[in-house]
Amino acid sequence: MTVRVRFAPSPTGYLHIGGARTALYNYLYAKATAGTFVLRIEDTDLERSNAEYEKLQIDDLKWLGIIHDEGPDKPNPKYAPYRQSERAEIYKKYALTLIEKGLAYYDFCTEEELEAMKEKAAAEGRDPVYEGKWKDPAFHKEALERISKGETPAIRFRAPKKAYTLEDRVKGRVVYPEGMVGDFVIVRSNGLPVYNFCCVIDDHLMDITHVIRGEDHLNNTVRQLMIYEALGAKTPEFAHVSLLIGHDRQKLSKRHGATSVNLYRNEHYLPEAMCNYLCLLGWSHPTERDIFDKKDIVDVFSLDRFSASAAMYDLEKLKWVNSEHIKKMDNAALILLIEKEPETDFFTKQTADWKNSCVELLKKYAHFITDFPKLVNELILNDDPEKTDAFKEITSWETTPKIMSFISDEVSKVNEEFINEAVLNGWMDYVKKEMGVKGKPLFQGVRAALTGHDHGPDLKFLIPLTPVSVLKKRITHLKK
RNA sequence: GCUCCCAUCGUCUAGCCCGGUCUAGGACAUCGCCUUUUCACGGCGGUAACAGGGGUUCGAAUCCCCUUGGGAGUACCA
């Protein structure tokens, strides 16, 4: 049987990091098994759902390269529609069938009555279990009469009195004891079905074979198991992936800061790096590789390598993963991305060779794409660097003023736009041989004279990238 | 409260299912050292963990129980 998995977001906000991770796992599993990845929109909570968010979430998924095979925009007639709000008739039909079979019933209970039951249960130290009179089949006739008069009851599922067992692919065997949940609502009094009900019907009707989702659904699963049973449907395999937590070890949420995918997208993080990092949070590569693309792991991706415990979301490691992906990228691709950044006019105007050398040099220092323009400005275009203590220290050495004046003379003689490495080497040789300076005073001195800094990338690569006009201005400023 | 889940370096994790090869491995971060200077590069190295207690066993990070700690769920939200 071919694998069918799904990601089922609620369009109630931006795509969340945690959602992106479960979507990614589903996507990878589909790719690994040559299965189908379905996108379903769970918008039964009309008040919170918003079509705009649906679009934004799909955009973010696309950006991450998590592309669905079926969904509202790519319907397979056999399974459409893919929005729960468009499937109301289906749910209604199933709910009515359950009532006919005596597996569910109409419930006119008021909020107050429900509240009283909950309090009683809490006082007795057990889970709240529905005990209203409508549970009794004897009241079915009365219910029908009230409905005919225009009243709209909720529909409640009759929870079987027995324990349920789930063989979860990441948690192992989970036993839900008898009485863990009481009769629960499957259709609200406003006629709209609730999550636990829709989810099961859709997964069943859409032939979903594996449900990979967050651990926050683990307790829900017992309700879903009951419905599968009532429907006489085959239950899919479940894999409840551990949650992502923030630094306070609480479930990751908005208050932990940047938890929406679009924030990273706006900051121009590399989508592959994002996926790579997210994948690593709770899943491990069989050979302990930690830098990879989706295509590198589809062959080895399996449900057996999930960690059962929660993982802390850590920006530091994401930063490192992003920098590793930058190093891995080829220069041409990098140049394209850099030119899309703001304030890259100078960069864009340079020759292909210059750009290539520049990117080759700077890519090992950049953690983010946005670092490139910053590095170009700081390292190459800054003609008035701040005189740091380290710079002053170097200029206090007796050899440094001589080096500075020599370099200054040489640079002022240059007419080309850029100097090449050989010219720089000539200056170095002169200082070394004719002035008798070597080692630290040599390199540090020449660096200070040309850049005003005590550290930075290799001079023999940096200086040929620096316009001589900038060098001239910079030297003038440094002399003051 | 109740139910479920979880527990290896500060963090992500390998190992755990199928006990001995684990004086517990890797990665991030951190610290130190090395390099014709410097480094935000690279190389080398260091600090740093099996939550605690009982079992079972010749032997336990690995199996069982308890305690503690953490998380999630307890809706006519998803």
Side-chain angles (χ1 to χ4, degrees), chain A residues 8-12 42-45 47-49 84 107 109 111 114 118 121-128 153-156 166 168 170-172 174-177 179-182 184-196 198-199 214-222 240 242-243 245 247 249-251 277 280-291 304-305 307-314 316-321 323 327 361-367 371 375 378-379 390 394 428 432 438-448 451 453-459:
Chain A
S10 305
T12 56
E42 309 222 325
D43 54 355
T44 54
D45 184 351
E47 286 168 21
R48 294 201 298 147
S49 297
Q84 292 189 329
D107 176 34
C109 244
E111 241 176 82
L114 254 20
K118 245 185 260 175
E124 290 169 15
R126 54 176 171 79
D127 279 317
I155 299 174
R156 204 171 272 275
L166 169 69
D168 191 85
V170 355
K171 297 295 180 182
V174 178
V175 178
Y176 304 98
M180 184 175 170
V181 296
F184 54 94
V185 168
I186 53 177
V187 179
R188 301 175 177 97
S189 49
N190 67 6
L192 288 173
V194 304
Y195 166 75
N196 281 117
C198 304
C199 180
E215 190 187 350
D216 45 347
H217 290 285
L218 191 58
N219 286 305
N220 272 329
T221 308
V222 66
H240 285 96
S242 60
L243 261 17
I245 55 180
H247 280 100
R249 305 212 73 95
Q250 309 272 93
K251 181 175 167 180
Y277 176 64
L280 243 23
L281 247 28
W283 184 85
S284 59
H285 193 281
T287 65
E288 295 204 57
R289 264 181 80 173
D290 37 29
I291 297 297
D304 305 325
R305 297 201 60 84
S307 158
S309 48
M312 196 179 283
Y313 184 67
D314 173 32
E316 273 303 321
K317 192 149 183 176
L318 169 59
K319 177 179 170 182
W320 173 76
V321 172
S323 73
K327 287 184 193 119
L361 177 67
L362 299 184
K363 71 201 276 191
K364 41 188 183 215
Y365 300 107
H367 288 103
D371 286 341
L375 288 165
E378 283 170 28
L379 265 21
I394 294 166
M428 294 289 284
K432 193 166 159 186
K438 57 181 181 174
K440 192 168 174 172
L442 165 66
F443 282 86
Q444 199 97 337
V446 172
R447 178 181 290 281
T451 71
H453 286 290
D454 60 318
H455 64 83
D458 234 337
L459 284 181

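The chains referred to below are lettered A, B, ... by the order of the sequence lines, with proteins before strands, and numbering in each begins at 1.
Comparing C58(B) with G1(B), their C1' atoms are spaced 46 Å from each other, to the whole Å. Rounded to whole Å, the C1' atom of G25(B) lies 31 Å from the corresponding atom of A72(B). Here the separation of C2(B) from U13(B), taken at their P atoms, is 30 Å to the nearest Å. Comparing G69(B) with A29(B), their P atoms are spaced 34 Å from each other, to the whole Å. For the C1' atom pair drawn from A27(B) and G15(B), the interatomic distance equals 15 Å after rounding to whole Å. For the P atom pair drawn from G59(B) and U3(B), the interatomic distance equals 36 Å after rounding to whole Å. A distance of about 12 Å separates the P atoms of C63(B) and C6(B), rounded to the whole Å. Comparing A49(B) with C33(B), their P atoms sit 23 Å apart, to the nearest whole Å.
Base engagement by H217(A) is indicated by at least one non-hydrogen atom pair under 4.0 Å involving a base atom. Within 4.0 Å (heavy atoms only), Q444(A) reaches at least one base atom of the nucleic acid. Looking at heavy-atom distances under 4.0 Å, A154(A) makes contact with a base. At the heavy-atom level, S189(A) lies under 4.0 Å from base atoms of the strands shown. At the heavy-atom level, E42(A) lies under 4.0 Å from the strands shown only through sugar-phosphate atoms. Note on P177(A): only backbone sugar-phosphate atoms sit closer than 4.0 angstrom, heavy atoms only; bases stay farther off. Using a 4.0 Å heavy-atom criterion, one finds that G282(A) contacts the sugar-phosphate atoms exclusively. Using a 4.0 Å heavy-atom cutoff across all strands shown, S242(A) reaches no nucleic acid atom at all. Among the protein residues, R447(A) comes within range of the nucleic acid bases, having at least one heavy atom under 4.0 Å from a base atom. Within the 4.0 angstrom heavy-atom criterion, no nucleotide atom of any strand lies near E124(A). Using a 4.0 Å heavy-atom criterion, one finds that K319(A) contacts no nucleic acid atom at all. At the heavy-atom level, L166(A) lies nowhere under 4.0 Å from the strands shown. Within 4.0 Å (heavy atoms only), V187(A) reaches no atom of the nucleic acid at all. I245(A) comes within 4.0 angstrom of nothing in the nucleic acid, heavy atoms only.
Across every strand in view, U68(B) sits in a pair with A7(B) that passes the Watson-Crick or G-U test at under 3.5 angstrom. Pairing of C63(B), defined by two Watson-Crick or G-U wobble distances under 3.5 Å, is identified with G55(B). Under the Watson-Crick and G-U wobble criteria, each requiring two contacts below 3.5 Å, nucleotide G1(B) is paired to U74(B). Pairing of G45(B), defined by two Watson-Crick or G-U wobble distances under 3.5 Å, is identified with C31(B). With both pairing distances under 3.5 Å, U37(B) is matched to nothing as a Watson-Crick or G-U wobble pair. Across every strand in view, C16(B) sits unpaired, with no contact that passes the Watson-Crick or G-U test at under 3.5 angstrom.
When each of V194(A) and G445(A) is assigned the nucleotide of RNA chain B with its nearest heavy atom, G445(A) is the one assigned upstream, toward the 5' end. Residues A366(A) and Q84(A) each lie close to RNA chain B; by heavy-atom proximity, the contact nearer the 5' end of the strand is made by A366(A).
No side-chain heavy atom of Y365(A) sits under 4.5 Å from any side-chain heavy atom of D371(A). Side-chain contact between V174(A) and T221(A) is absent, with no heavy atoms from C-beta onward closer than 4.5 Å.
Using modelled atom types, no side-chain atom of D43(A) and backbone atom of S49(A) make a donor-acceptor pair closer than 3.5 Å.
From the 5' end on, the contacts that RNA chain B makes with chain A at under 4.0 Å to a non-hydrogen atom open and close at G1(B) to A78(B).
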